[in-house]
Amino acid sequence: MGTPKDKVKFNVGGRIFETTATTLAIAGENSLFRAMLDENWNVHSDSAMTEYFIDRDPDYFAVLLNLLRTGELYIPPKIDKHLLYREAEYYGILDHVRLAKWGPFDGNRAQLAQPIMNWSAANGTLAYTIRASPRGWCCLAQGSVVRVYDWMLEEHPIIHIAHHKVRDICWVDDKHIVISSDKRLANGGMRLFNASTGESRCKFQVTDKSSGLAPFSTASTLDFGSDYKLFSSCENGDEHHGIGNWDLVTGKLINFHCSPPHLSLKKASRLQWLPGTNCLMAFYLDCAKVDIILFDFRDNTMVRLLTEKHDRPCDRTIKDAIVIEETSSICALRWNGALGFMDLRSTARGVNWRNTEDPFASPYFPKLAYHEGQLFSSFNNRISVHSGSDWLRTSQLRHSDFGAIHDYSIGGNRLFSLQSTGNIINVWETPRPPII
């Protein structure tokens, strides 16, 4: 029950609403209501309630006010959900809508939502890379363009990379992405963009020989680390490969770790920043061998964790690897879908393999992901979810209508999977448990 001093009255589009400052405070620091609770609005005045006018649709306001009151989101049939999301964005409570609609992403309870499919393959070019943002947006690379979809799955302006092929995309926060392309770095081959508007914010600087850092020409695989540091697998002017490290704020190159010639490393297939150890894992895959390297930029050292030559059947080749810091282990994924684990602290023991997929199947684009204590592995048209201390397969995400999965990414309580047939993005979400 609100006290008289706690009551607030609104006139929204000609319709009167009464609520309490306590209810409005639930909206949070970044909401429109937070400003209205400021002492200048005299909400706690001893005088009669002041009526505040908001020139918005009252039907949508009623749904959102009820969300603040109860924590539950009920959308009547007459309410357009996309317009409701826009109203929630206006009031600054879109996060509350997200939390009411979905719980934390759980692969064992995930359900297929409406796919993104109203886009075409430009000049016959398929999309092979998709990245999810921390707030449930996604972006995908399609030849020389990057398409961006917001939380409402609506497309934003396309980002064009001037006829140069996109190599990788990396979200650095909720609003910005970094794109690398086969364009030379000196000419903007790696840039920071506003994901919402497509505006180019800065290009990352190359260095000259006087700086002591090796100059290089192109960038490919990306990852974002702590303290606003960006990492990219690069090729320098002598066609030697290594890892560049940039300051995201200034755009300046901090360090370049050039791979020793005897390692014969090409561009990395995956980079993974490890915040617990302040190191970067790089996974290298080429036609001759697989390497897993750990880079420490603090003292410019590297440790070779695993090397495996391809003197074995194709289905036994490692196609992806990730570090699971919580268990101090490395997980590797073979071409046939088999999982293997190696102790990060004692790699001399090698990889302990176990078969989890059909060894006679024709695999496509195997890939690993880790999210909130669950391990994900893709194989053909399905994504397996592995849980528990033994990483047993506990469920599968599968949609047989749209072909094999080129790529997938998890972020913002969603999993986005990019299908090979027809350029389809399947969206998986976890319903929020009912409030009892």
Between NE2 on residue His176 and CZ on residue Phe224, distance to nearest 0.5 Å: 11.5 Å
Aromatic centroids of Tyr91 and Phe33 separated by under 6.0 Å: yes
Presence of salt bridge, Arg167 and Asp182, under 4.0 angstrom: no
NZ on Lys319 to CZ on Phe379, rounded to 0.5 Å: 12.5 Å
Side-chain touch Ile292/Ile330, heavy atoms, less than 4.5 angstrom: yes
Tyr90 side-chain N/O to Leu32 backbone N/O, donor-acceptor pair under 3.5 Å: no
Any donor-acceptor N or O pair under 3.5 Å, side chains His156, Asp150: yes
Ile179 side, atom CD1; His160 side, atom NE2 - distance, nearest 0.5 Å: 11.0 Å
Shortest non-hydrogen contact from Tyr408 toward Ala369: OH-N, 3.3 Å
Presence of salt bridge, Lys175 and Asp173, under 4.0 angstrom: no
Side-chain ion pair, Lys367 and Asp320, N-O less than 4.0 Å: no
Flag side-chain contact, heavy atom, 4.5 Å: His96 against Leu94: no
Sub-4.5 Å side-chain heavy-atom contact between Thr307 and Lys289: yes
Interatomic spacing from CD in Glu372 to CD1 in Ile410 - rounded to 0.5 Å: 9.5 Å
Asp286 with Lys267: basic N within carboxylate O range, under 4.0 Å: no
Heavy-atom side-chain proximity of Arg131 to Leu140 below 4.5 angstrom: no
For the student: nearest non-hydrogen atoms of Phe416 and Ala132, plus distance: CD1-CB, 3.7 Å
Salt bridge (Lys or Arg N to Asp or Glu O under 4.0 Å) between Glu199 and Arg191, intermediate numbers included: CA-CA 10 Å; Glu199 175 190 1; Arg191 285 181 177 268; over 6 Å; no
Donor-acceptor side-chain pairing of Ser395 and Asn108 below 3.5 angstrom: yes
Donor + acceptor pair across side chains of Asp106, Gln374 (<3.5 Å): yes
Flag for Thr221-Ser233: side-chain donor and acceptor within less than 3.5 Å: no
Salt-bridge present (Arg56, Glu87; N to O < 4.0 Å): yes
Row check, Trp151 ring normal vs Arg98 NZ/CZ: under 6.0 Å, within 45°: yes
Shortest non-hydrogen contact from Ala100 toward Gly71: CB-O, 4.0 Å
Lys NZ or Arg CZ of Arg414 over Phe105 ring: under 6.0 Å, within 45°: no
Trp273 and Phe231 aromatic centres sub-6.0 Å: yes
Plane angle bin for His82 and Tyr85 - parallel if under 30°, tilted between 30 and 60°, otherwise perpendicular: perpendicular
Closest non-hydrogen atom pair between Ile293 and Met302, with its separation: CG2-CE, 3.5 Å
Considering all heavy atoms, the nearest Ala321-Phe283 contact: CB-CD1, 3.8 Å
Nearest-0.5 Å distance, CZ of residue Phe295 to CG of residue Asn245: 12.0 Å
Interatomic spacing from CG in Leu222 to OG in Ser232 - rounded to 0.5 Å: 4.5 Å
pair Tyr370-Val323: side-chain heavy atoms closer than 4.5 Å: no
Shortest non-hydrogen contact from Ala27 toward Ile93: CB-CG2, 3.6 Å
Between Ser417 and Gln419, a side-chain donor and acceptor under 3.5 Å: yes
Heavy-atom side-chain contact between Val178 and Leu230 under 4.5 Å: yes
Identified side-chain contact (heavy atoms from CB on, under 4.5 Å) partner of Ile159 from the options Ile177, Thr197, Asn194, Val166: Ile177
Lys252 vs Asp247, salt bridge (Lys or Arg N to Asp or Glu O under 4.0 Å): CA-CA, chis, key distance, verdict: CA-CA 6 Å; Lys252 293 182 178 180; Asp247 185 308; over 6 Å; no
